[in-house]
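Before I ask anything, let me first share the structure, which is written out below as structure tokens.
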Amino acid sequence: MRILVTGGAGFIGSHLIDRLMNAGHEVVCLDNFYTGHKRNIVHWLGNPNFELIRHDITEPIRLEVDQIYHLACPASPVHYQYNPVKTVKTNVIGTMNMLGLAKRVKARFLLASTSEVYGDPEIHPQSEDYRGSVNPIGIRSCYDEGKRVAETLTFDYHRQNGVDIRVVRIFNTYGTRMLENDGRVVSNFIVQALRGQPLTVYGDGSQTRSFCYVSDLVEGFIRMMNNPDHTGPVNLGNPGEYTILELAQAVQSQVGSGVDIDYKPLPQDDPRRRRPDITRAKLWLGWEPTVPLQEGLQKTIEDFRQRIEAAG
Ligand code: NAD
Ligand code: UDP
């Protein structure tokens, strides 16, 4: 098949492209390199099955493809809050452009949505029928509400125009190729520990998150895209739930650099708890994560160690 991956030069997108290329598909990677990087896909440049297009999805584009994995959107609060109006445009205009493309060429369209659509959840763990508790005017809204509209658009293109859609809601995912300055918690802690700097815990560190290793997530993406029956939404994430302080301690002990913890103010609207209910993913896709936190952290630490050493 010919498959389009928007945001394909980013963290998750580039891992997805590796899987699709290794399965023998033709892949078109579309990215504006806001948080993506050529080094993530450089190993495919020159391969006749691979095409890289520098393009901003807020502008329309014409391509012939069979499937579209739509991931283009900054995912780290630091990056999506840097230019919030652009984040809204990417989620709304960008998603509309990609759905328009799917409609025109009759491609199956998978939206990479997020657990952020649940906001600061009042129910725990979060299942797909929970409608969320989102602040429409806060500093996270450009992303949370942007993704909620992206989901709305996706379902309206399905109902109104018959576009064949899939929606996945991704919970915190980590792994190799995250940016050193990504700003999300796993990469921050690992980079800080490797540099011998204190780990910045926001608030008292009692807030929780559930961390999924990227290879598990990509497996879920591919299963959801290729399942014949279900549009979604479906939660994809690891149900193992940790406080941020527990994560800091895990990184401290695995890096073994003896660094301290530096407590910083909790950002506005930071969700208190988050854990996916993955009953639906198990039932529909036979999917559940297989990589435990310790193992995923080890791989991620090794990747950052090599990059930091290479940079001197
Ligand atoms: P990332 O920042 O590494 O990747 C996003 C990619 O999109 C980058 O390559 C970036 O350059 C590109 N991009 C951004 N705006 C664009 C635009 N206007 N036009 C073209 N390209 C654009 O982030 P990621 O962690 O790989 O996330 C990928 C997707 O998964 C995002 O849609 C994100 O919202 C979603 N997601 C990720 C997580 C997570 O924990 N990693 C959690 C929930 C949802
Ligand atoms: N966090 C932290 N230190 C950091 C970065 C993040 O304590 O250096 C916290 C953040 O306040 C949040 C959690 O870790 O409670 C996860 O943050 P991240 O930005 O990774 O993802 P999100 O909040 O979008 O789930």
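No experiment lies behind these values; they were computed from the predicted model shown. Indexing begins at 1, ligand by ligand and atom by atom, following the structure's order. Along the sequence shown, the residues carry numbers beginning at 1.
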Going by distance only, is there an N or O of K147 that falls short of 3.5 Å from an N or O of ligand 1?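 Between K147 and ligand 1, an N or O pair is found under 3.5 Å apart.
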Please confirm whether T200 comes within less than 3.5 Å of ligand 2 when only nitrogen or oxygen atoms on both sides are compared.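 N/O-N/O distance under 3.5 Å: yes.
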For atom 11 (O) of ligand 2, closest protein heavy-atom neighbour: D270 OD2, 2.7 Å
Does R184 approach ligand 1 within less than 4.0 angstrom via side chain, backbone, both or neither, non-hydrogen atoms only?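 Answer for R184: side chain.
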Identity and separation of the nearest protein heavy atom to atom 17 (O) of ligand 2: V185 CB, 4.1 Å
Starting from atom 22 (P) of ligand 2, find the nearest protein heavy-atom neighbour and note its residue, name and distance. R140 NH2, 3.4 Å
Heavy atom to atom 28 (C) of ligand 1, shortest distance: which of L236, N32, L71 holds it?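 Nearest heavy atom to atom 28 (C) of ligand 1 lies in L71.
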Distance to 0.1 Å, residue and atom name: give those for the protein heavy atom nearest to atom 21 (O) of ligand 2.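 The protein heavy atom lying closest is N172 ND2, 3.4 Å.
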With heavy atoms under 4.0 Å as the rule, classify the contact between Y174 and ligand 1 as side chain, backbone, both or neither.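 Contact part for Y174 vs ligand 1: neither.
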Tell me, with the steps shown, if E59 and K89 meet salt bridge (charged side-chain N to carboxylate O under 4.0 Å, His left out). CA-CA 10 Å; E59 301 292 336; K89 283 185 186 167; over 6 Å; no
Contact atoms of ligand 1, heavy-atom distance to F33 under 4.0 Å: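 Going through ligand 1 atom by atom, the ones under 4.0 Å from F33 are 11 (O).
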Under-4.0 Å heavy-atom contact with ligand 2, by part of R209 that carries it: side chain
Give the residue, atom name and distance (to 0.1 Å) of the protein heavy atom nearest atom 30 (O) of ligand 1. I170 CD1, 3.5 Å
Residue and atom name of the nearest protein heavy atom (relative to atom 13 (C) of ligand 2), distance in Å to one decimal: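 Nearest neighbour among protein heavy atoms for atom 13 (C) of ligand 2, to 0.1 Å: I244 CD1, 3.6 Å.
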Closer than 4.0 Å to some heavy atom of R184 - which atoms of ligand 2 meet that?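 Listed by number with element: 19 (O), 20 (O).
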Considering only heavy atoms, does T90 approach ligand 1 within less than 4.0 Å through its side chain, its backbone, both, or neither? side chain
Counting from 1, what ligand 1 atoms have a heavy atom of G7 closer than 4.0 Å?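 Heavy-atom distances to G7 below 4.0 Å select 6 (C), 7 (O), 9 (O), 12 (C).
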Between S113 and ligand 1, which part of the residue brings a heavy atom under 4.0 Å of the ligand: side chain, backbone, both or neither? backbone
Just jot down the ligand 1 atoms closer than 4.0 angstrom to any heavy atom of Y143, in number order.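 The atoms of ligand 1 under 4.0 Å from a heavy atom of Y143 are 33 (C), 34 (O), 36 (N), 43 (C), 44 (C).
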Could you find the nearest protein heavy atom to atom 1 (N) of ligand 2 and give me its residue, atom name and distance?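 Sorting protein heavy atoms by distance from atom 1 (N) of ligand 2 puts Y202 CD1, 3.3 Å first.
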